[in-house]
Amino acid sequence: MSTRYTKEHEYVRVEGDTGTVGITDYAQGQLGDVVFVELPEVGKKFGQGEQAAVVESVKAASEVYAPVSGEVVEVNSALEGAPATVNEDANGAGWFVKIRIANAADLDSLMDEAAYKAYCDSL
Amino acid sequence: MSEPATLESDAPLRRTPLHSLHLSLGAKMAGFAGYDMPIQYPIGILTEHLHTRSQAGLFDVSHMGQGFLVGRNHAAVAQALEALVPADILNLAPGRQRYTQFLDETGGILDDLMVTRPADPAEDGVLMLVVNAACKEQDFAHIEAHLPAGVKFMRAPHRALLALQGPKAAEVLARHCPDTATMPFMSGLSTKFGTIDCHVSRSGYTGEDGYEISVRLDKVERMARALLAEPEVKPIGLGARDSLRLEAGLCLYGHDIDRMTSPVEGSLVWSMQKRRREEGGFPGAERIQRELREGASRKRVGILPEGRQPAREGTEVTDANGVKIGLVTSGGFGPSLNGPLAMGYVDAAHAAVGTPVQLVVRGKTLAAKIVSMPFVPHQYFRG
């Protein structure tokens, strides 16, 4: 299992051909209190970098992009009733969607944990 | 994840005298109306908002424009201001404050402002004005261009402004200036905060009881630190200021009202006293009096979305058949309401409270209805 990161602060945790996608702890800190998450429907297909979800804080709405191309196999419906989970546990219970990864080569363009940490430190 | 859009230019940002205090408190800063302002502190907008509604919040609003109209007596300055605004200033009693708008020749709103007549008879012939930061240069130039003989306008860039808002504000401020405890909503007085001279008005923009305190730039940090040392007080940023004023149903200039809206369309008829509505004598009076007689074609209303999804500024409002009837001008999430809320303009035929409408958010339709404002009851102290 490995986790890869985008410059837009999404993560994808890879287990076999499935990737669990969310926003990073850094991202939730930047957003502030999350009050609503709009999730796609199961079965929806995305290309890498396409809008997959929307996360709304008190002050603004931000788009969440698919870090890899693929098809949505599960969404975290618990976020509907408890959007603050994204703030409390962005890397764990605050995940957004699970995607069946269409093209494993997409992962090569993403950062590993060390590179992502260095990237955040540079911001 | 996309960065929320901002509409700031690249011009260097100005700083209020509390800039370094904000940084030391861990504020997240951003450009607003040309100033580098605290958007939120480490506790976050949601907690700041709820704290203001349950305890007391301190806001730095020193970016706002302050100035004084000065003439030989009250009638002279009142007349000068009444030529620009539709409120009754002539009959504003000493020590009282009023909300009004600068209007252009077509009755469009150039800015909204607070006007205070000093309580002290020795200061008769003075009006204190507080205008929006983003409009202050234009406002001041506008005032100066329309001054009658014998009336001067003095900008007050040497003054800072703090707002202390919330149910504990009165108790907290009374520890420093006891004479502020009993003053009613929309009144003002000159007093001392400890040894610091200041002007206090019982007003604000959160819907809560509270005060705005005008004080010299070189004294404001001492005052702010003294207030922050009170156990009930936390610093509050512009993020919570926006969600608080939206729940209170108050307009944000440049969004909910602007040059394209009249006070009648903007549901601000309450701010135009009867004498002015009848006599006119302000810019755009013809149009405004016609709208008062016949009704405006559109109206600012509260809009309550069903469900949890916020509808932001710019969201299209449609009727039950999907026909466009208006636009959201402010929208988001209300922490005290614990749900989404919006205000905007709809065609008069759809403006009645209880009318079902639809909001089109990212291509999807959300059910909503027209509601009366405020969304959260005002808690003003009326004495």
Side-chain angles (χ1 to χ4, degrees), chain A residues 5-12 21-41 44 49-67 77-88 90 94-97 116 119-120 123, chain B residues 1-7 26-28 30 32 38-52 236-247 252 305-315 328 330-342 361-364 366:
Chain A
Y5 301 87
T6 70
K7 286 190 168 177
E8 290 78 32
H9 307 284
E10 292 94 8
Y11 66 80
V12 52
V21 174
I23 65 169
T24 65
D25 193 56
Y26 176 90
Q28 70 77 19
Q30 291 295 307
L31 272 179
D33 303 299
V34 172
V35 296
F36 184 79
V37 178
E38 183 182 308
L39 297 170
E41 287 176 7
K44 179 129 193 182
E50 286 181 4
Q51 183 191 319
V54 177
V55 56
E56 303 219 19
S57 67
V58 179
K59 64 174 187 285
S62 302
E63 297 172 353
V64 177
Y65 307 113
S77 337
L79 296 182
E80 280 170 27
T85 311
V86 177
N87 297 114
E88 290 151 11
W95 62 277
F96 283 34
V97 295
Y116 178 68
Y119 171 68
C120 288
L123 294 177
Chain B
M1 196 181 76
S2 61
E3 295 281 329
T6 55
L7 295 170
K28 193 179 289 181
F32 178 84
I39 301 303
Q40 64 178 86
Y41 297 87
I43 60 171
I45 295 175
L46 207 63
T47 311
E48 288 173 33
H49 178 116
L50 296 173
H51 183 85
T52 305
I236 311 297
L238 292 184
R241 185 172 164 83
D242 191 51
S243 55
L244 287 158
R245 70 88 200 164
L246 181 52
E247 284 186 342
L252 178 61
E306 284 176 17
R308 306 293 299 167
Q309 182 160 6
R312 307 281 175 179
E313 180 177 359
T315 298
V328 169
S330 281
F333 181 87
S336 301
L337 194 66
N338 190 25
L341 75 176
V361 179
R362 295 184 287 272
K364 282 186 225 157
L366 305 181

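Excluded from the calculations below are hydrogen atoms, water molecules and symmetry mates; all remaining heavy atoms, backbone and side chain alike, are included. Chain identifiers are assigned alphabetically (A, B, ...) following the order of the sequence lines, protein sequences preceding nucleic acid strands; residue numbering begins at 1 within each chain. For clarity, every value in this text was computed on a predicted model and none was experimentally measured.
In this structure, the separation between NE2 on H49(B) and CG on D33(A) is 11.5 Å, given to the nearest 0.5 Å. For the atom pair E63(A) CD and R362(B) CZ, the distance stands at 8.0 Å (nearest 0.5 Å).
The heavy-atom pair separating R312(B) from V58(A) by the smallest distance is NH1-O, 3.0 Å. Heavy-atom minimum distance, K28(B) versus G29(A): NZ-O, 3.2 Å.
The choice from E56(A), E10(A), Q30(A) that makes the most heavy-atom pairs within less than 4.5 Å of chain B is E56(A). In terms of non-hydrogen atom pairs under 4.5 Å with chain B, the most contact-rich of I23(A), V54(A), T6(A) is V54(A).
Classification of E48(B) and K59(A) as a salt-bridged pair fails, no side-chain N sitting under 4.0 Å from a carboxylate O.
Qualifying ring-ring contact (aromatic ring centres under 6.0 Å, His included) partners for Y26(A), counting only residues two or more places apart in sequence or in other chains: H9(A). With sequence neighbours excluded, no residue forms a side chain to side chain donor-acceptor pair (under 3.5 Å) with S57(A).
Contact of V37(A) with chain B is not made at all, since no heavy-atom distance falls under 4.5 Å.
Other residues, nucleotides and ligands contribute more than 12 heavy atoms inside 6.0 Å of the CD atom of E313(B).
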TODO: Walk me through it: do Q309(B) and E38(A) pass the test side-chain contact (heavy atoms from CB on, under 4.5 Å)?
DONE: CA-CA 8 Å; Q309(B) 182 160 6; E38(A) 183 182 308; 2.7 Å; yes
